[in-house]
Amino acid sequence: MTELAPVLVGAAPLSPADVVAVVRHDAPVQLDAEALTRVAETRRVVDGLAADPNPHYGVSTGFGALATTFIAPDRRLQLQASLIRSHAAGTGAEVEREVVRGLQLLRLQTLASGRTGVRPVVVDTYAALLNEGITPVVREYGSLGCSGDLAPLAHIALAAMGEGDVRDASGALVPAAEALAAAGIEPLTLVEKEGLALINGTDGMLGMLVLALHDLETLLLTADLAAAMSVESQLGTDAVFAADLMALRAQTGQAESAANLRAFLGDSPMVASHKGPDDGRVQDAYSLRCSPQVHGAARDTLAHATLIAGRELASVIDNPVITLDGRIESNGNFHGAPVAAVLDFLAISVADVASVSERRTDRALDPARSHGLPPFLADEVGVDSGLMIAQYAAAGIVSELKRLAVPASVDSIPSSAMQEDHVSMGWAAARKLRRAIDGLGRVLAIEILTGARALDLRAPVQAGPATGAVRDLVRTVAAGPGPDRFLSPDMEAVTALVQSGAVARIAKEHTHG
């Protein structure tokens, strides 16, 4: 496999593509030399504050509700270590490797900004952990998304201190001290301000947002392709997707989805086969006719979420923060509200796209609405059930996606003796969005599996180039029409094609115009 180019950290904001390259595909990180110089300069400011007999939050005081408690110099190393150990309070299942790497990378980017007050060795250590493939164990529950993702980030910092457990590059669970020693990384001993700098950030929810945006871009194109297969195989019309009709409504996402549907269906012999005065139907059902409107709304949501993610990637999130003129100031920038809101917004759109997909699948299986297809696309009607229960699976997922669309960001549970009395729940919003995106991929896979069989059953009339190519791709992992067989492996195999992006790639490769 070709080694990916290094991603430069500290010179400029990371792009979403940079994040995906590092956290999902293990691209190495490279620290900008000027960034390390800035980090060292800012550290000298913190060292001066540490020597001041007047208290400074995060440097010579306790934290949260204990912010007014002055800590003597000889107790400050213990203060930093205690902060990380006590805040590494996650519970539940381990979160995915790419999510943990997102925490590591995005905190590294903030540390490299020179506004947090850490020493250069801290920045170097976080970069080394990423490049050595050392992934701290971070657990599902613990973050309220205010003061950032405290507990998840504390688990990262704990590993950098050589404590707790990590997954090494091979995925084996080992003590952090052992993994650091094997990689030649010296465990950190944190000094004034560094504990807070390592845990006050929106990095977990932001990393999951960036990954979601990447995955949804592919899934929304796949949804357009799945809709095209359904329209085509159910003998629907592409006339409603005409550019002049779309131009009457100034919604950019809708126009993009309609353009995809026109491209996927424009050269279809199957669509052409029933055009003209002999086709007596006035209009198709909403799930077919309004696909661009539903998919387009999701595209517009995606565009808004991408804007918010870009702003957050360009931000420095820490509390307190060292300003350009050398002040150390408390702030509330760690509150996850901006990120949490778009995570929830995306979950609503995901549920809607999956819902209309499942309705298109259901139409294909109903002889009263499918325009000549056999019941449930079964081989021997009455003996075979065809794809009946595949639709049940899609319906069950859609029902769950509706529950996952309930916003997390409208909830708040006060914490830290009422000091942190309003929280964003952004981490929870991100976790449920990940599950929702997985569900959407599965629902689309069921529609594509259904559409592929329906296209086959229309023979000898041929599908268009793009839909036919996807049908042929499906046939590499799932057989065509015939007697009932064990269906779950076919569904899983097509899901893998959808989630890998293979369906979207094949569709684009076979689209003209």
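These numbers come from the heavy atoms of this one structure, side chains and all, not from hydrogens, waters or symmetry mates. Predicted model only: the values in this text are computed from it and were never measured.
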First locate atom CG of Leu387, then atom CD1 of Ile446, and finally report the distance between them rounded to the nearest 0.5 Å. 9.5 Å
Between Asp149 (side chain only) and Ser143 (backbone N and O only), is there a donor and an acceptor less than 3.5 Å apart? no
Check step by step if side chain to side chain contact (heavy atoms under 4.5 Å, CB included) holds for Thr110 and Asn200. CA-CA 10 Å; Thr110 289; Asn200 263 295; over 6 Å; no
Show the numbers, then the answer: is there a side chain to side chain contact (heavy atoms under 4.5 Å, CB included) between Gln499 and Asp438? CA-CA 8 Å; Gln499 294 178 336; Asp438 177 77; 3.2 Å; yes
Heavy-atom check, side chain of Arg311 versus side chain of Ile308, under 4.5 Å: yes
Can you list every salt bridge (Lys or Arg N to Asp or Glu O under 4.0 Å) pair that touches residues 399-415, not counting sequence neighbours? Glu400-Arg435
Assess whether side chain to side chain contact (heavy atoms under 4.5 Å, CB included) is satisfied between Tyr286 and Arg359, documenting all intermediate values. CA-CA 9 Å; Tyr286 287 8; Arg359 287 293 80 202; over 6 Å; no
Backbone N/O of Ile134 and side chain of Gln104: donor-acceptor pair under 3.5 Å: yes
Check whether Ser355 reaches the backbone of Asp352 with its side chain - one donor and one acceptor, N or O, closer than 3.5 Å. no
Ignoring hydrogens, what is the shortest heavy-atom contact between Ile448 and Ala226? Give both atom names and the distance. CG1-CB, 3.8 Å
Donor-acceptor under 3.5 Å (Thr467 side chain, Gly464 main chain): yes
Note: Ala258 and Phe241 closest approach over all heavy atoms is CB-O, 4.0 Å
Can you measure from CG (Leu261) to CE (Met246) and round to the nearest 0.5 angstrom? 9.5 Å
Going through the checks in order, is the side chain to side chain donor-acceptor pair (under 3.5 Å) test met by Asp284 and Gln234? CA-CA 10 Å; Asp284 293 322; Gln234 294 174 41; over 6 Å; no
Do Asn333 and Ser315 pair up side chain to side chain, a donor and an acceptor below 3.5 Å, judged on atom types alone? no
Within this structure, what is the CE-CE distance for the pair Met229 and Met270, rounded to the nearest 0.5 Å? 9.5 Å
Which atom pairs, donor and acceptor, lie under 3.5 Å between side-chain atoms of residues 374-385 and protein residues at least two apart or in another chain?
from	atom 1	to	atom 2	distance (Å)
Asp384	OD1	Asp484	N	3.3
Asp384	OD2	Glu380	N	2.9

Strictly below 4.0 Å, N to O, side chains only: are Asp215 and Arg434 in salt-bridge contact? no
Does Ser357 use its side chain to pair, donor to acceptor, with the backbone of Val353 at less than 3.5 Å? no
Just by distance, do the side chain of Thr476 and the backbone of Asp472 share a donor-acceptor pair under 3.5 Å? no
Asp18 side chain to Ser15 backbone, donor-acceptor under 3.5 Å: yes
Counting only N and O atoms by type, is there a donor-acceptor contact under 3.5 Å from the side chain of Ser412 to the main-chain atoms of Val423? yes
Would you please test Arg442 and Glu492 for salt bridge (Lys or Arg N to Asp or Glu O under 4.0 Å) and show each step? CA-CA 8 Å; Arg442 295 176 186 282; Glu492 291 298 301; 3.1 Å; yes
Count the heavy atoms belonging to other residues, nucleotides or ligands that lie under 6.0 Å from CZ of Phe334, then report whether that count exceeds 12. yes
Please report the closest heavy-atom contact between Arg101 and Leu130, naming both atoms and the distance. NH1-O, 3.2 Å
For Ala305 and Leu346, which heavy atoms make the closest approach, and how far apart are they? CB-CD1, 3.8 Å
Starting from the C-alpha separation in whole Å, work towards a yes-or-no answer on side chain to side chain contact (heavy atoms under 4.5 Å, CB included) for Arg485 and Asp490. CA-CA 9 Å; Arg485 57 186 171 272; Asp490 288 357; 3.2 Å; yes
Steps toward side chain to side chain donor-acceptor pair (under 3.5 Å) verdict (Thr116, Asp318): CA-CA 6 Å; Thr116 70; Asp318 191 18; 4.7 Å; no
Shortest non-hydrogen contact from Val350 toward Ala436: CG1-O, 3.5 Å
Run the numbers on Arg363 and Ser230 for side chain to side chain donor-acceptor pair (under 3.5 Å), then give the verdict. CA-CA 9 Å; Arg363 293 188 66 81; Ser230 290; over 6 Å; no
Taking all non-hydrogen atoms of both residues into account, name the closest pair between Ser291 and Arg360 and its distance. OG-NH1, 2.9 Å
Would one find more than 12 heavy atoms of other residues, nucleotides or ligands at under 6.0 Å from atom CD of Gln293? yes
If the threshold is 4.0 Å, N to carboxylate O, is there a salt bridge linking Asp456 and Arg453? no
Check ion pair Asp238-Arg289 (N to O, under 4.0 angstrom): no
Return yes if a side-chain donor-acceptor contact under 3.5 Å exists between Thr91 and Glu140, otherwise no. no
Ring centroid separation for His422 and His335, is it under 6.0 angstrom? yes
Give a yes or no on whether the backbone of Gln391 and the side-chain of Asp362 come within a donor-acceptor separation of less than 3.5 Å. no
Mark yes or no for whether Ser399, through its side chain, and Ala395, through its backbone, hold a donor-acceptor pair below 3.5 Å. no
Can you list the residues that meet the salt bridge (Lys or Arg N to Asp or Glu O under 4.0 Å) rule with Arg167, with sequence neighbours excluded? Glu94
Working to the nearest 0.5 angstrom, can you tell me the gap between Leu444 CG and Thr218 OG1? 11.5 Å
